[in-house]
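First comes the structure, then the notes that go with it.
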Amino acid sequence: MFKNPKDNNIVSRLIFHLDLDYFYAQCEEIRSPELRNHPLVVCVYSGRNPDSGVVSTSNYKAREFGVKSGMPIKIAKSKLANEDAEFLPIDMSYYNHLSILAMEFVRKIADAYEYVGIDECYADFSRYSGSDFSRARKIADFIKSEIKVSTNLTCSIGVGPNKLVAKIASNFQKPDAITIINPQEVKAFIARCDIEDIPGIGPKNRIKLESSGIESVSHLAKFDLFRLKELFGYKIATYLQNAARGIDDTPIRPHVSKQIGRIVTLKNDVTNIENIFPILSSLSSLVYDTLMTRQLSFKTIIVRVVLHNLRQVTCSRNLKLSSTSIEELQNIARSLFLEAIHLHSLSFLDVRRIGITLSDLSSYTGQNKILQYFAEGSRNGNQESNKNNKL
DNA sequence: CCCTCGATCAC
DNA sequence: CCTCATATCGAGGG
């Protein structure tokens, strides 16, 4: 049992972060085991020409040749030109099915479970383990073997006293690994991490930090908070400094969707406004379907337009009242699109991609609305420790 | 204080 | 050559 150094009566939490390894590509390997020893690339084809689009995920064999997520398919193909590589189109419904199967077990046994993404979750095992970090490996092994049996998937698990450390730990060794950081090890572990290992620090923020001379996690941990606030604002600065010290109080809580969106890339850039309307209609239907499945209403609609030169324009509207009307959605989407192009005086517009997002979501059954109200209330009463710090 | 928009992250 | 979905923050306007 690890006691909190500040208070002997409070034991540490014991948090898991589970990450399904190279997920989409691994799903394809399970479906077609003969692909296992070949470079395998799962692609998002955009349909503009036979090779347009990007790499979603690749297996480790493909990564050896420099293939990375987000890379244009064309580049990936050139890197694998002399290999017996496989390029497959993304198949979300299949991956979703495997994901649900895999996560089910964790969700059932954990004290609390939090969905983060199709290949990621957090789980609180504090009670389950009695906060005994020496039991963490057994539990992690147990979960890994259960997932292996039910789906044949491998995963990586990070264990720590909070979500932040668990997440960094799950990424520390991959694939098919377990990394456990007990409370006493946190400071040393976090100090030797790269600054970009901290969730929320990507290329841009790294540069921003470097411009103030901050190049290491330990430097960030002791950097003057006021100066950090000038650089990033109150919330982010506080989050970053806490993170650099391995501190994170955010609880594991059920996922609540806050946005539902779809964006499509057009086969050809559209210059004629008329031709956009049917696309907006089908996008409206798509997001509306998801909205209904989740029994939600929307209050804000966002239309985003990506132009030929990849510049993005967005336009949004916040309604007075929540709505569940698809007609309203379609009408507003149209007028927002027109607003967007007028606002930016795009006389000759070249639309490359267009999307609709609904936000400000709430449950539309009265019962749930009341429950949600109380959930919000209890959270707000306890902001300092509860508020989600994530960027 | 609310609304809107862009930036950033990361999948 | 350049996908898709989501979450959060901060700036700027009103």
Side-chain angles (χ1 to χ4, degrees), chain A residues 19-25 41-58 68-79 89-90 92 95-96 99 114-120 167 171 196-209 229-240 243 250 255-267 269 283 286-287 290 299-320 336 339-340 343-344 352-361 387-391:
Chain A
D19 204 316
L20 298 168
D21 297 322
Y22 63 102
F23 184 52
Y24 300 172
V41 185
V42 177
C43 304
V44 184
Y45 289 103
S46 61
R48 317 194 110 218
N49 63 57
D51 275 351
S52 66
V54 296
V55 172
S56 176
T57 320
S58 57
K68 289 199 165 73
S69 296
M71 170 182 281
I73 294 165
K74 206 167 177 182
I75 309 262
K77 287 205 168 169
S78 73
K79 288 186 182 287
I90 196 162
M92 288 309 294
Y95 311 148
N96 220 16
S99 167
E114 179 171 334
Y115 167 93
V116 191
I118 191 166
D119 62 347
E120 247 181 272
K167 171 141 179 119
N171 201 37
E196 265 190 61
D197 292 340
I198 292 179
I201 304 183
K204 303 279 186 179
N205 286 339
R206 158 171 237 147
I207 288 167
K208 214 162 154 185
L209 287 165
K229 283 175 178 169
E230 285 168 23
L231 214 56
F232 289 95
Y234 175 82
K235 286 231 172 192
I236 296 175
T238 308
Y239 163 75
L240 287 177
T250 55
H255 175 84
V256 179
S257 56
K258 299 178 183 75
Q259 287 185 355
I260 297 170
R262 284 278 186 290
I263 185 164
V264 289
T265 300
L266 307 171
K267 299 226 180 290
D269 291 353
L283 280 170
L286 282 173
V287 292
T290 309
K299 205 152 140 359
T300 300
I301 300 139
I302 306 161
V303 167
R304 67 187 59 201
V305 180
V306 179
L307 304 171
H308 172 72
N309 59 7
L310 297 181
R311 212 170 75 86
Q312 279 204 46
V313 179
T314 72
C315 232
S316 65
R317 186 174 307 169
N318 190 301
L319 308 176
K320 283 276 163 276
L336 281 173
E339 254 179 68
L343 200 63
H344 293 261
R352 181 190 176 92
R353 309 175 65 204
I354 183 152
I356 298 179
T357 297
L358 304 178
S359 68
D360 240 309
L361 308 175
K387 207 146 204 183
N388 192 347
N389 277 342
K390 269 202 165 161
L391 298 183

Can you list the residues that meet the salt bridge (Lys or Arg N to Asp or Glu O under 4.0 Å) rule with [X], with sequence neighbours excluded?
X        : value
A:Lys77  : A:Asp51
A:Arg48  : A:Asp269
A:Glu196 : A:Arg206

Nearest listed nucleotide, side chain of [X], among [options]:
X        : options              : result
A:Glu120 : B:dC11, C:dA7, C:dT3 : B:dC11
A:Lys258 : C:dC2, C:dT8, C:dG10 : C:dT8
A:Gln259 : C:dT8, C:dT3, C:dC9  : C:dT8
A:Val44  : C:dT3, B:dC11, C:dC2 : C:dT3
A:Arg304 : C:dT3, C:dT6, C:dC2  : C:dT6
A:Val54  : B:dC11, C:dA5, C:dT3 : C:dT3

For A:Ile260 and A:Ala237, take the nucleotide of DNA chain C holding the closest heavy atom to each; which residue's nucleotide lies nearer the 5' end?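 The 5'-side residue here is A:Ile260.
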Closest nucleotide of DNA chain C for A:Asn49 versus for A:Gly261: which of these residues is on the 5' side?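 Nearest-nucleotide comparison on DNA chain C picks A:Asn49.
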Base-pairing string, 5' to 3', of DNA chain C - Watson-Crick or wobble, under 3.5 Å, | interstrand: ......||||||||
To the closest 0.5 Å, what do you measure between NZ (A:Lys267) and OG (A:Ser46)?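 Rounded to the nearest 0.5 Å, the NZ-OG separation comes out at 8.0 Å.
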Distance check, rounded to the nearest 0.5 Å: A:Arg353 atom CZ versus A:Leu266 atom CG?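 Reported to 0.5 Å precision, the distance equals 9.5 Å.
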How would you list, by chain and number, every residue that makes a side chain to side chain donor-acceptor pair (under 3.5 Å) with [X], sequence neighbours excluded?
X        : answer
A:Tyr95  : A:Glu28
A:Lys299 : A:Asn318
A:Glu339 : A:Arg317

Could you give the [atom1]-to-[atom2] distance, from [X] to [N], as a whole number of Å?
X        : N      : atom1 : atom2 : answer
A:Asn96  : C:dC4  : CG    : P     : 17 Å
A:Ile356 : C:dT6  : CD1   : C1'   : 16 Å
A:Ile201 : B:dA10 : CD1   : P     : 9 Å
A:Met92  : B:dC11 : CE    : P     : 14 Å
A:Tyr45  : C:dC1  : OH    : C1'   : 15 Å
A:Ile90  : C:dC4  : CD1   : P     : 9 Å
A:Leu240 : C:dT8  : CG    : C1'   : 13 Å
A:Lys74  : C:dC1  : NZ    : P     : 5 Å

[X]: which residues meet the side chain to side chain contact (heavy atoms under 4.5 Å, CB included) condition with it, sequence neighbours left out?
X        : answer
A:Leu310 : A:Val306, A:Arg352
A:Leu286 : A:Arg262
A:Val44  : A:Val54, A:Ser56, A:Ile90

Would you classify [X] as touching base, sugar-phosphate or nothing, given that sugar-phosphate means primed atoms plus P, OP1 and OP2, and contacts are heavy atoms under 4.0 Å?
X        : answer
A:Ser52  : sugar-phosphate
A:Ile75  : nothing
A:His255 : sugar-phosphate

Would you indicate, yes or no, if [N] has its OP1 or OP2 atom less than 4.0 angstrom from a side-chain nitrogen or oxygen of [X]?
X        : N      : answer
A:Ser69  : B:dA10 : no
A:Arg352 : C:dT3  : yes
A:Arg262 : C:dC4  : no

Distances under 3.5 Å only, N/O to N/O: pair up the protein atoms with those of nucleotides 3-6 of chain B.
| unit_1 | atom_1 | unit_2 | atom_2 | d |
| --- | --- | --- | --- | --- |
| B:dT4 | OP2 | A:Asn318 | N | 3.2 |
| B:dC5 | OP2 | A:Ser316 | N | 2.4 |
| B:dC5 | OP2 | A:Ser316 | OG | 2.9 |
| B:dG6 | OP2 | A:Thr314 | N | 3.0 |
| B:dG6 | OP2 | A:Thr314 | OG1 | 2.7 |

What nitrogen or oxygen pairs link the protein and nucleotides 11-14 of chain C at under 3.5 Å?
none

A:Met71 and A:Ser69, any side-chain heavy atoms less than 4.5 Å apart: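 When only atoms from C-beta onward are counted, A:Met71 and A:Ser69 do not touch, as no gap falls below 4.5 Å.
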Under a plain distance cut-off of 3.5 Å, with no hydrogens placed, do A:Thr300 and A:Ser316 share a side-chain donor-acceptor pair?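 No.
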